[in-house]
Amino acid sequence: MIERPVLWIIIPCYNEEQVLPVTSEMFTEKLSGLINAGRVGEKSRLLFVNDGSKDGTWDIIKKLSDENPIVSGISLSCNRGHQNALLAGLCEAVDKCDITISMDCDGQDDIEAVDKMLDRFGEGCQVVYGVRSSREKDTFFKRFTAESFYKLMMKMGVEVVYNHADYRLISNRVLKEFTDFHEVNLFLRGMIPLVGFKSGTVEYKRQERLAGNTHYPLSKMLALAFDGITSLSIKPIRLITGIGILVAIISFIFIIWAIVDFFLGKTVSGWSSTICVVSFIGGIQLIALGVIGEYVGKIYLETKARPRFIIEERLNTVNDSENNGAI
Ligand code: UDP
Ligand code: MG
């Protein structure tokens, strides 16, 4: 067991100028407390990742870093999405610490669960997943869509921890292995379990967002469920899926109409069954084409293998070595 492990807390931020002044105080207080209590090493850091924010988020991070040496920051050259921002933070932290804990910057991930995560790490867990014990603070709609999301993922054979988002502890050992995963379509909560090693869970109560608005409306959650981050060029394929669904619905209405007409005796013999089959198969084929298109689009993005993020600026990171996400 590592005595006083060096902990880096990775916090992605996108347009969070409303909430950051409130939560940053919580974070610094917590980490200072852990350092003073001797639970984590003195080189522990808070690493804020500015995900190409358009508001004053980066200025706030700069100020925090000036005022407090435990605060570090990196700023991405443009908005790359939560998963890429988190990955940028993890890549920055690899080999500079013994453990990382990733959490959202809006105060929804209960910071007190960090102690329990450290306990589990002390017991030998290399990965500790934060699991929401209740979602009573979420709206019914958010709760319903989020829970359906996990169920759908699991049904589709993706190994995810139920009700675990991206609040987790990862040891440097696991993180190093994880950097061998080079895919550009990121779904971290499904990828980390693939690394293996001993893991554990810690329950926490999901809090309300302290300020600002969610960046994950239903549409974004759906995109994430489809292994989300896609470029403009595969949108047409998505459109095909949409058209397929629409055609399937219309054909369903046609089917009912044709059946009714059949029983009313208004049809030429054979017409109803022909219409039913043609419409139904047409709809299904378009949906199938769209789904295959999704995969082709993913392959397209993977073959280009563009950098998953580009770091424009660093603040107070230990060694300012080159790291452009190409690992
Ligand atoms: N976030 C990010 N880039 C984005 C969108 C979100 O870095 O493009 C960050 C955001 O600042 C927050 C975290 O990801 O720290 C989770 O986002 P949010 O709280 O909006 O999602 P929710 O908790 O509602 O699912
Ligand atoms: Mg949130």
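Counting starts at 1 for both ligands and their atoms, following the listed order. All residue numbers in this chain count up from 1 along the given sequence.
- Between Thr214 and ligand 1, an N or O atom pair is found at a separation short of 3.5 Å.
- Put simply, Leu76 and Leu186 are part of the same group of oily side chains (I, L, V, M, F, W, Y) that touch within less than 4.5 Å, one to the next.
- Salt bridge present: Arg206 and Asp109 bring a charged side-chain N and a carboxylate O closer than 4.0 Å.
- In terms of protein heavy atoms, atom 11 (O) of ligand 1 is closest to Glu16 OE2, 2.6 Å.
- If you check which protein heavy atom lies closest to atom 21 (O) of ligand 1, you get Tyr216 CD1, 3.2 Å.
- Nearest protein heavy-atom contact of atom 18 (P) of ligand 1 is Arg209 NH2, 3.5 Å.
- Using a 4.0 Å cutoff on heavy atoms, Arg206 counts as a contact of ligand 1.
- Contact annotation: for His82 versus ligand 1, heavy atoms closer than 4.0 Å belong to both the backbone and the side chain.
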(Q) Set out, in order, the CA-CA distance, both residues' side-chain angles and the distance that settles salt bridge (Lys or Arg N to Asp or Glu O under 4.0 Å) for Lys298 and Glu302, then state yes or no. (A) CA-CA 6 Å; Lys298 294 267 152 58; Glu302 294 293 345; over 6 Å; no

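- At least one N, O or S atom of Gln108 sits under 2.8 Å from the Mg ion (ligand 2).
- Remark: Lys304 is positioned above the aromatic ring of Tyr300, its terminal NZ or CZ atom under 6.0 angstrom from the ring centre and at most 45 degrees off the axis.
- The Mg ion (ligand 2) is closest to atom OD2 of Asp106 (considering only N, O or S atoms).
- Taking a cutoff of 4.0 Å between a charged side-chain nitrogen and a carboxylate oxygen, Arg189 and Asp166 qualify as a salt bridge.
- When non-hydrogen atoms are compared, ligand 1 lies under 4.0 Å from the side chain of Asp51 (C-beta onward) but not from its backbone.
- Closest to atom 8 (O) of ligand 1, if we only count protein heavy atoms, is Asn79 ND2, 3.2 Å.
- Close contacts between ligand 1 and Asp106 involve ligand atoms 19 (O), 23 (O) [criterion: under 4.0 Å to a heavy atom].
- Taking 4.5 Å as the limit, every side-chain heavy atom of Asn172 sits out of range of all side-chain heavy atoms of Ile99.
- A salt bridge does not link Asp98 to Arg4: none of the charged side-chain nitrogens sits closer than 4.0 Å to a carboxylate oxygen.
- Residues Phe144 and Phe141 keep their aromatic ring centres 6.0 Å or farther apart.
- At a 4.0 Å cut-off, not a single heavy atom of Arg80 sits close enough to ligand 1 to count as contact.
- Geometrically, ligand 1 and Pro12 share a nitrogen or oxygen pair separated by less than 3.5 Å.
- Around atom CD of Glu123, more than 12 heavy atoms belonging to other residues, nucleotides or ligands sit under 6.0 Å away.
- Nearest protein heavy-atom contact of atom 16 (C) of ligand 1 is Asp104 OD2, 3.3 Å.
- Between Lys116 and Glu112 there is no salt bridge, since no side-chain nitrogen of the basic residue lies less than 4.0 Å from a carboxylate oxygen of the acidic one.
- In terms of protein heavy-atom proximity, atom 5 (C) of ligand 1 is closest to His215 CB, 3.6 Å.
- Closest to atom 25 (O) of ligand 1, if we only count protein heavy atoms, is Lys142 NZ, 3.4 Å.
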